[in-house]
Amino acid sequence: MITRRDFGTYSLGAGAATLLLPKKWAHAQGTRPTLTIAVDNLWANINTVNGISTTTRRFFPNIYSHLVERDYIADEQGLVLKPGVATEWTQDGKVWTIKLREGVKFHNGETMTAEDVAFTLGPERLWGDEPFEPRGKTFAAGFTRVEAIDDLTVEIETEREDPYIPGKLTGYIGFVVPKKAYLDMGVDAFGQAPIGTGPYKVTLFRSGEVLEMEAFDDYWEGPPPAAKLIWRIVPEFAARMAGVVSGEFDFMANIPTDQEAQMESYDNVTLARALASNYPAFAFNTRPDPEDNPLVDVNLRKGMVQAIDMNAIVEALFGDTTFHPDVPFNFPEYGDFYDPDMPNPLPYDPEAARALIEKSGYDGQPLQWHITRQFYPNYEAAAEIMIEQWRQVGVNVVAEVLDNFELVYTRPYHMMNMSMSTDFIPGDPYQPLWLDWGPTSSRATAHWKTWDPTEEYLAAGREFEQATDFETRKAAYLKLSQAWQDVTPGFYLWKSVYNWAHRSDIEFVPRPDGEMRMFGEYMTLPS
């Protein structure tokens with residue numbers, strides 16, 4: 001029986017863990033302020049899994065609590081795990097036993113029990129034949145049983161030994177929901193008026209306008225520092241900036257790189273930045289849909305990659321704040337999986353690009369690139385440069401800048417913007433290389449899917465999923481990455497830079513996962 005050991009590069013990734021809680025906050029209800037956060041957008045629903053997006057990630061931890069937490073205070077990469085509403089976790093073969101914190105309250109006043117956690121992680125909600133939140137199948141892959149043993153104990157059984165369950169519980173599936181309220185309300189209604197165990201409870205949500213939360217003083221770590229949070233959509237950067245400078249807003253998100261210096265020039269404003277565990281990219285449509293799609297030829301896709309001088313583009317747009325990953329899925333946050341000396345398989349080389357493009361038989365027809373308007377900082381500017389570089393090697397790409405993802409996903413198209421996070425399992429390539437491209441991913445299953453995984457990729461993925469020791473897992477990871485590169489169904493552009501601005505009298509700790517935690521050790525208000 002395993003009681004404590006390390007897997008990969010993160011500590012407390014398996015075995016039992018019990019740590020001291022953070023300090024309580026000493027704000028009295030009558031003196032706590034209302035904070036207004038100006039954001040570029042919200043999302044259509046705020047279920048923990050159906051509602052996964054860059055925008056919901058900002059505020060989810062203020063509503064919901066994780067079973068297991070990543071500690072970015074102790075480690076800037078978040079590779080250290082600590083208890084959330086789960087206090088201990090132990091493994092015995094295929095079975096993990098999760099011990100829960102006693103007395104945790106939901107926003108409706110009910111006490112969290114093992115039944116709630118078993119439902120949160122169970123087949124009815126995530127991974128059964130017809131789950132309420134079907135995206136959960138990807139994140140709960142390998143689960144065969146989730147059962148409440150007593151009021152404060154849950155068992156998770158998997159198809160094979162899985163040492164990474166604690167890391168998985170730091171992700172979206174680790175946000176606990178109340179079983180009875182969820183079933184009574186229904187999945188759609190719950191996504192509009194969610195109930196969690198976090199420090200703030202939702203009191204108003206209009207997805208195209210505003211999200212309001214009030215302090216939940218029965219929160220298991222103690223009352224939060226603000227009386228109320230208002231997340232207000234302010235689409236234009238200039239309006240968000242003016243609001244923060246004037247004091248109308250206390251925080252804002254998403255600052256164009258070339259405007260950061262302007263933000264820093266104001267005495268009453270502090271700029272916060274984090275190099276994110278996320279990479280904007282584009283996907284090639286590798287399928288014969290439309291029927292005459294020239295991108296079904298891998299030579300054209302590889303030639304287009306070799307025609308892009310992405311290192312120069314990133315330096316021009318971001319300076320030294322971020323970088324382009326020369327090799328797909330070789331990211332620094334992967335610890336021992338990361339190889340800084342791995343050679344670039346498709347380096348910038350216009351002559352090699354022309355040869356591959358000629359080999360593909362491409363005849364110059366326009367390739368439609370769907371891009372979501374102002375969603376990723378500098379994406380549209382980078383696209384303009386790439387389109388010119390493709391023109392110089394004989395490829396005709398036409399950018400269609402669209403107002404939302406629903407339009408981006410509408411066929412016909414040859415390319416689309418996208419981004420991928422990297423941290424479902426801390427210190428491991430499992431999410432971007434397998435979850436985000438594998439057989440259950442939206443890239444391979446949605447009505448707008450962009451590729452069909454090859455047999456070589458699927459076989460390597462099965463090896464990767466089944467591996468439990470690091471060396472076997474690393475060998476499978478390299479094989480899986482190569483199988484993806486053989487197809488080249490996409491291209492990763494740069495490591496995202498999340499940035500925020502806030503009142504200078506507020507202390508705020510930015511996280512590379514993009515979460516805006518308005519509580520605990522991550523935010524301190526003036527006394």
Show me the side-chain donor-acceptor pairs of residues 374-381 shorter than 3.5 Å, one per line, residues at least two apart or across chains.
from : atom 1 : to   : atom 2 : distance (Å)
Y376 : OH     : S419 : N      : 3.4
N378 : ND2    : T257 : OG1    : 3.0
N378 : ND2    : L317 : O      : 3.3
Y379 : OH     : A281 : O      : 2.7
E380 : OE1    : Q374 : N      : 2.9

Those residues at least two apart in sequence (or on a different chain) that pass ring-ring contact (aromatic ring centres under 6.0 Å, His included) with Y457 are W434, W451
Residues passing the ring-ring contact (aromatic ring centres under 6.0 Å, His included) test with W448, sequence neighbours excluded, are Y409
Verify whether the ring centers belonging to Y492 and F329 lie closer than 6.0 Å. yes
Hits for side chain to side chain donor-acceptor pair (under 3.5 Å) against Y413, two or more places apart or cross-chain, chain-then-number order -> none
- Query: For the residue pair Y477 and F337, is the inter-centroid distance of their aromatic rings smaller than 6.0 Å?
  - Reply: yes
* **Test item: F323 and P332 side chains (from C-beta on) under 4.5 Å apart, heavy atoms** => yes
Per ring-ring contact (aromatic ring centres under 6.0 Å, His included), W494 is matched among F331, Y279, F318 by F318
Quick note, side chain to side chain donor-acceptor pair (under 3.5 Å) partners involving residues 356-369, not counting sequence neighbours, are Q368-E400
message: Does R473 qualify as a cation-pi partner of Y164, given the criterion of NZ or CZ under 6.0 Å from the six-membered ring centre and within 45 degrees of its axis?
response: yes
So that I know where these two stand, are H414 and F282 an aromatic pair - ring centroids less than 6.0 Å apart?
no
Q. Are any non-hydrogen side-chain atoms of N311 and D326 less than 4.5 angstrom apart?
A. yes
Residues pairing under ring pair (Phe, Tyr, Trp, His ring centres under 6.0 Å) where one sits in residues 243-265, two or more places apart or in two chains, turn out to be F251-H502, F251-F508
